[in-house]
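Notes to accompany the following structure.
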Amino acid sequence: MTMKITPFSPKCGVTINNVNLANLTDREFLVIKQAFIEHGLVFFRDQNISPEQHKQLALRFGSIVKNKIFKSLPGYPDIAVVSKDKNQTTNIGGGWHTDHSYDDEPAMASILVARKLPSQGGATKFANMYAAYDGLSPGLQHTLASINALHANDHLYGKGGYFDGTDLADKLAENVEVSAAKHPAIIVHPESKRKVLYVNKGHTVGFEHWHTDEAFALLNYLYEHGSKAEYTCEFNWQPGSIAIWDNRCTWHFANNDYQGEERVLHRITIAGKPLSGVLL
Ligand code: SIN
């Protein structure tokens, strides 16, 4: 059976069928990698991969980022457990964000594997930041190209940060390592060479040389813009579902609409390189 790639929604993601991620040939991996670069978001159904096979799949893309924020799967320090128990009300990733934009070398990709799902709800929304960039006016594209955005995560994961005050604090790693970084607001994607809007609501905390209120006036406009229906899609998890997304050109948002039920996914994050902006 040959692999089949079909659009998931007009501007957001593709589904790849007729492939077994537990036993990939080199050729199949190249097709997946190509789809990942082209679309930034690939979905798979009906897979059955062990934590070890999850890790081996990730290593085909590149090296794995040390998980510094969430508790890891016992025996697998590279696998972050993204979970919410029946009695917890807060979830991980419940707002638009890009994984690890607060690192100097932001993550290339994340691979999320469904392990335990609620009877309904718990979908993940994604947004395509190539399309969001393309939808901006040439004037705003040009202005943004001269801006460096500041990213951080202490407001979420640090002492006194958002998670500290929630019922999800026990999902954080024992020694959370917070970080902060600066990246161009418009990056040139290192592999596709296309321009991308690279700010996100979860982790962008301002613009270099701008007052905070000025920066947030523009950032809030960009968050509204990037989350328009035309740039987004929603993936309903099923047993055996896997999503691989490119953190350099997507946002994602985990719906928290399954109170009273458990949801567990395993995430591996793959290392990227420092990001470059547009030469003006
Ligand atoms: C994440 O934000 O990486 C987790 C997304 C999800 O749980 O759907």
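For ligands, and for the atoms within them, numbers begin at 1 and follow the listed sequence.
Close approach to Asp99 involves these atoms of ligand 1, each under 4.0 Å from a residue heavy atom: 3 (O). Taking every non-hydrogen atom of Val82 and a distance limit under 4.0 Å, the qualifying atoms of ligand 1 come out as 4 (C), 7 (O). Numbered from 1 in the order shown, with element, the atoms of ligand 1 that lie under 4.0 Å from a heavy atom of Gly93 read 2 (O). Listed by atom number, the atoms of ligand 1 under 4.0 Å from Thr124 heavy atoms are 6 (C), 8 (O). Those atoms of ligand 1 that come under 4.0 Å of a heavy atom in Ala254, given as number and element, are 5 (C), 6 (C), 7 (O), 8 (O). Residue-ligand proximity, Leu112 to ligand 1, at heavy-atom distances under 4.0 Å covers atoms 5 (C), 6 (C), 8 (O).
Of all protein heavy atoms, the one closest to atom 3 (O) of ligand 1 is Arg267 NH1, 2.7 Å. Protein heavy atom in closest approach to atom 7 (O) of ligand 1: Arg263 NH1, 2.8 Å. The nearest protein atom to atom 1 (C) of ligand 1, hydrogens excluded, is given as His252 NE2, 3.4 Å; this is a heavy-atom distance. Of all protein heavy atoms, the one lying nearest to atom 2 (O) of ligand 1 is His97 NE2, 2.9 Å.
Side chain to side chain, Thr90 and Asp167 meet the donor-acceptor criterion of an N or O pair below 3.5 Å.
Checked against a 3.5 angstrom limit, the closest N/O atoms of Trp245 and ligand 1 fall outside it. Considering backbone and side-chain N/O atoms, Trp237 never comes within less than 3.5 Å of an N/O atom of ligand 1.
Classification of the His151-Tyr198 ring pair by plane angle, with boundaries at 30° and 60°, yields tilted. Between Phe70 and Tyr157, the two ring planes are perpendicular [angle over 60°; tilted spans 30° to 60°].
Applying the 6.0 Å contact sphere to NE2 of His155 captures more than 12 heavy atoms from other residues, nucleotides or ligands. More than 12 heavy atoms of other residues, nucleotides or ligands shown are found within 6.0 angstrom of NZ on Lys228. Surrounding CG of Asn48 are at most 12 heavy atoms belonging to other residues, nucleotides or ligands under 6.0 Å away.
With sequence neighbours excluded, the residues that form a side chain to side chain donor-acceptor pair (under 3.5 Å) with Asn247 are Ser110, Trp245.
The main-chain N or O of Ala22 is found under 3.5 Å from a side-chain atom of Asn20 such that the two form a donor-acceptor pair.
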